[in-house]
Number of protein chains: 2
Amino acid sequence: MHKLGNKFMVAEIMDNIRRVFQVVNEQSKKVEKETGLTGPQVWAIKVIAAEGTIRISDLAGRMYLHPTTVVGIIDRLEKRSLVNRVRSREDRRVVDVTLTPEGLQLVANSPEVASNKITQGLKSLNTPELTIIYHGLDKLTRILDATDLPPALIGSTEINLPKTNKRDVKGTD
Amino acid sequence: MHKLGNKFMVAEIMDNIRRVFQVVNEQSKKVEKETGLTGPQVWAIKVIAAEGTIRISDLAGRMYLHPTTVVGIIDRLEKRSLVNRVRSREDRRVVDVTLTPEGLQLVANSPEVASNKITQGLKSLNTPELTIIYHGLDKLTRILDATDLPPALIGSTEINLPKTNKRDVKGTD
DNA sequence: TCAAAATAATTTGTATGCCTATTAATTCTA
DNA sequence: TAGAATTAATAGGCATACAAATTATTTTGA
């Protein structure tokens, strides 16, 4: 075993945290190239596809984004005829979003988002390897006093990370 | 020692990665409240303060942002009389940015940015604890094929993460 | 019942963050 | 040395992201 200095390890840890951010962003660019859509747009479409039908506010909750932001994303997806907006009949305040046939086709061919890439990578590991990562991140979040924070975002696969996650998550998770 | 299932650990790891993102963003809000400036603005001011005088392109390199983005940030800081722009006499293409007295005063009172919070937390750990985090993150970045990526961003302490870091870093690091 | 509170989506405005020009100045090269 | 390539900063345009205010609808409560 090689003995590493604390200072070295701190620097390396910081670099590696940055690299995780990098992966998210690089993956985002790749997605953008392959689909012609931005990361959040692909992400939204994937969530909609998984749900079949979803309300704006629930979609926002799932994406850990503000409803405002999601409205804009849906606007642009609608303009490209990838999604439909339908006013709910039960509650006429609600807007239900669904995929158009074009949207369905696109989601079938779109590549993974960043969080999925990470998840896939993790799943390929054996237990001892996973354990190392698990304990390392566990300790890291502990020193950040972050263990009590609700997990959110990432998977954003995108440039712009949302500021907070304290919004109307309608228990959709 | 408790035996944990792989599935559980993968889920926990993902959550903890999200929490690291959270810390960055939460910290950003705190900074915003305390200074009245946004995270990137405070970050820029701190870099300028550290350098005394810095060119736009070098500032961009330091912040792992596009020069265009930095121009916007400097625009807003200039509007608040926190920084000055001076056209360099040696190379008249260059714009040197400095802090005004108000800017200097602000930087003295502004809180830590997120990456510093992480760094501080890490520094407080002993070697065995650090080693755990180090190996965990090392393994994580390996599975992401990210170890060869140049580390960048974060420390941004901010909402919007830059897309890439491949820009003119004038060896200022 | 009927006003008040809550909820869902949208609109408006600000701040990133990037890309693609564009302008001005400097350096390289034929 | 004149023209070409490079470099530095900026302008303009688009897409997030948020907060605050607005509109429409539903639910609560007096």
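For clarity, every value in this text was computed on a predicted model and none was experimentally measured. Atoms considered below: every heavy atom in the structure, side chains included; atoms not considered: hydrogens, waters and symmetry mates. Below, chains carry the letters A, B, ... as their sequence lines are ordered, and counting in each starts from 1.
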Handout entry: Shortest non-hydrogen contact from B/L106 toward B/T35
Key =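 Here B/L106 and B/T35 meet closest at CD1-O, 4.3 Å.
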
Problem - Atom of B/L77, atom of B/A44 and distance for their closest heavy-atom approach - result: CD1-CB, 4.2 Å

Between atom [atom1] in [X] and atom [atom2] in [N], what is the gap in whole Å?
X	N	atom1	atom2	result
A/R55	C/dT7	CZ	P	11 Å
A/M63	D/dT16	CE	C1'	10 Å
A/W43	D/dA15	CH2	P	19 Å
A/H66	C/dT16	NE2	P	17 Å
A/L59	C/dT10	CG	C1'	15 Å
A/L65	D/dA15	CG	P	16 Å

Under 4.0 Å between a side-chain N/O of [X] and OP1 or OP2 of [N], yes or no?
X	N	result
B/T68	D/dA9	no
B/T38	C/dT16	yes
B/T69	C/dT16	no

Handout entry: Residue from B/V95, B/V70, B/V71 passing side chain to side chain contact (heavy atoms under 4.5 Å, CB included) with B/L59
Key = B/V70

Exercise for the section: Report yes or no: does B/T131 contribute a side-chain atom to a donor-acceptor pair with the main-chain N or O of B/T127 at less than 3.5 Å? Expected result: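 Looks like yes, one N/O pair under 3.5 Å.
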
Practice task
Would you check if the side chain of A/R87 reaches a backbone N or O of A/R92 as a donor-acceptor pair within less than 3.5 Å?
Solution key: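 Such a contact is found between A/R87 side chain and A/R92 backbone.
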
Detail all sub-3.5 Å separations between protein N/O atoms and N/O atoms belonging to nucleotides 24-28 of chain C.
from: C/dT26; atom 1: OP1; to: B/R92; atom 2: N; distance (Å): 3.3

Exercise for the section: Taking only the side-chain heavy atoms of B/I56 (C-beta and beyond), determine which of D/dA8, D/dT10, C/dT11 contains the nearest atom. Expected result: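 Out of D/dA8, D/dT10, C/dT11, the nucleotide with an atom closest to B/I56's side chain is D/dT10.
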
Completion exercise
Side-chain contact check for B/S57: nearest option of D/dA9, C/dT10, C/dA8 is D/dA9

Exercise for the section: Under the side chain to side chain contact (heavy atoms under 4.5 Å, CB included) rule, collect the residues that match up with A/S81, sequence neighbours excluded. Expected result: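 Side chain to side chain contact (heavy atoms under 4.5 Å, CB included) list for A/S81, sorted by chain: A/E102.
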
Practice task
Begin from the C-alpha positions of A/V83 and A/T98 and carry the test side chain to side chain contact (heavy atoms under 4.5 Å, CB included) through to its verdict.
Solution key: CA-CA 6 Å; A/V83 303; A/T98 55; over 6 Å; no

Practice task
For side chain to side chain contact (heavy atoms under 4.5 Å, CB included), just list the numbers for B/I54 and B/D96, CA-CA rounded to whole Å, side-chain angles, deciding distance to a tenth of an Å, and then say yes or no.
Solution key: CA-CA 5 Å; B/I54 193 170; B/D96 287 319; over 6 Å; no

Practice task
Identify, residue by residue, the members of residues 73-86 of chain A with a heavy atom below 4.0 Å from DNA chain D, and return them in order of residue number, or none.
Solution key: A/I73, A/R76

Exercise for the section: Tell me, with the steps shown, if B/V107 and B/K46 meet side chain to side chain contact (heavy atoms under 4.5 Å, CB included). Expected result: CA-CA 6 Å; B/V107 78; B/K46 291 215 170 205; 4.0 Å; yes

